[in-house]
Protein chains: 2
Amino acid sequence: MATERETQAPTDRELCGLVKVLSNQIEANIRGRAATLGLTASQGTALCELTRPMTLRELAERMGCEPSNVTFVADRLEEQGYLERHPHPDDRRAKQLVLTPKGTELRRRLLELLSENSPLAPLAPEEQDVLQQLLTRALIR
Amino acid sequence: MATERETQAPTDRELCGLVKVLSNQIEANIRGRAATLGLTASQGTALCELTRPMTLRELAERMGCEPSNVTFVADRLEEQGYLERHPHPDDRRAKQLVLTPKGTELRRRLLELLSENSPLAPLAPEEQDVLQQLLTRALIR
DNA sequence: CTAGAATAGCTCTAACTGCAACTATTCGAA
DNA sequence: TTCGAATAGTTGCAGTTAGAGCTATTCTAG
């Protein structure tokens, strides 16, 4: 029983590990689906989150990454003709990321692929609700 | 109510987003703590998981990453004198990663730092139990 | 009106990541 | 025994990431 001497730390660390593994699995799912459409994982994530024209900063917030990385991702999507940087109507510093028709169509197809089988599918809807509440509570600072 | 036309997909995607944000936060916490000890985030994670001598592959499993990345991390930790690659007693293909006394001491200090404030602290112990169960269920394939 | 702080986006860098290909060793079945 | 499959670790590569430092624009207090 020598390995049980730690009382609280291991559970916390195990939990962190589980979160990471699940996060990896979600990312791997997106990676695989996106790859079939010629996209990388972060390109796919960006496309999903572009529910409407938004600034680079807002997309970064939704994607859970730094704005500098969105610059990079947006560059690629723009090169491929999936989105355009439009001047922001109210703020000349900012730019609006706008999907092209080609990008909108690709997004539709990607969402279709992603809805087919989610890594969270093993959980019943009520369980997903509980999970959402717990995660939200954990993230409150 | 036009934005509510999607019934199931958005919740799923939101949930995935929450998992990612929490995962990022956990990683950022480790990154910050590890940095004070001159370690990168993955070096810190590796150190935490090295509860005993283990193969590179087992450490990869615990860290939730590919074995190839552990090769990289182990290289750095070995350079810094925190661990050694010992030949595996039973399998000449495998190597055992063994912490040096210096590495053991560093691990102790890191665990101390990490126990001080966890990103999961906002959750009560019972909530953490529920979270663990949900995550475990979600990960069953 | 005007400086100084804050913000949006960009560039650059060091580090991390998954994946595919490779070598060495072990395992398993004919 | 022996040969093919499976496994441990490594290497190389393209892609991702956070963070610091930069410019341009906006906001705010005086």
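Lettering of chains follows the sequences in order, A, B, ..., and the numbering in each one begins at 1. Note that the structure is a prediction, hence the values are computed from the model and not measured.
When the side chains of ILVMFWY residues are joined at heavy-atom separations under 4.5 Å, either directly or via intervening members, V130(B) and L123(A) end up in a single hydrophobic cluster.
Put simply, CD1 on I26(A) and CG on L120(A) are 5.0 Å apart, with the number rounded to the nearest 0.5 Å. From E105(B), atom CD reaches atom NZ of K102(B) across 11.5 Å, with rounding to the nearest 0.5 Å.
Taking 4.5 Å as the limit, some side-chain heavy atom of R107(B) sits within range of a side-chain heavy atom of T51(B). Counting heavy atoms from C-beta on, the side chains of L56(B) and K95(B) never come closer than 4.5 Å.
From the 5' end on, the contacts that DNA chain D makes with chain A at under 4.0 Å to a non-hydrogen atom open and close at dG15(D) to dT26(D).
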### Message
Pair C48(B), L111(B) - check side-chain contact (heavy atoms from CB on, under 4.5 Å), show working.
### Response
CA-CA 7 Å; C48(B) 285; L111(B) 287 180; 3.9 Å; yes

## Note on the structure
With sugar-phosphate taken as primed atoms, P, OP1 and OP2 and all else as base, the protein-contact string of nucleotides 2-11 of chain C at under 4.0 Å (heavy atoms; B, S, -) is ----BBBBSB

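Taking atom CD of residue E66(A) and atom P of nucleotide dA15(C), one finds them 18 Å apart after rounding to whole Å. Between the CG atom of N29(A) and the P atom of dC19(C) there is a distance of 12 Å, given to the nearest Å. If you take NZ of K20(B) and P of dT17(C), they are 14 Å apart, rounded to a whole angstrom.
Applying the side-chain contact (heavy atoms from CB on, under 4.5 Å) criterion to R33(A), with sequence neighbours excluded, gives N29(A), L110(A), L113(A), L114(A), E116(A), N117(A).
No hydrogens or angles considered: nothing links the side chains of E84(B) and Q96(B) as a donor-acceptor pair under 3.5 Å.
At the heavy-atom level, A41(A) lies under 4.0 Å from the strands shown only through sugar-phosphate atoms.
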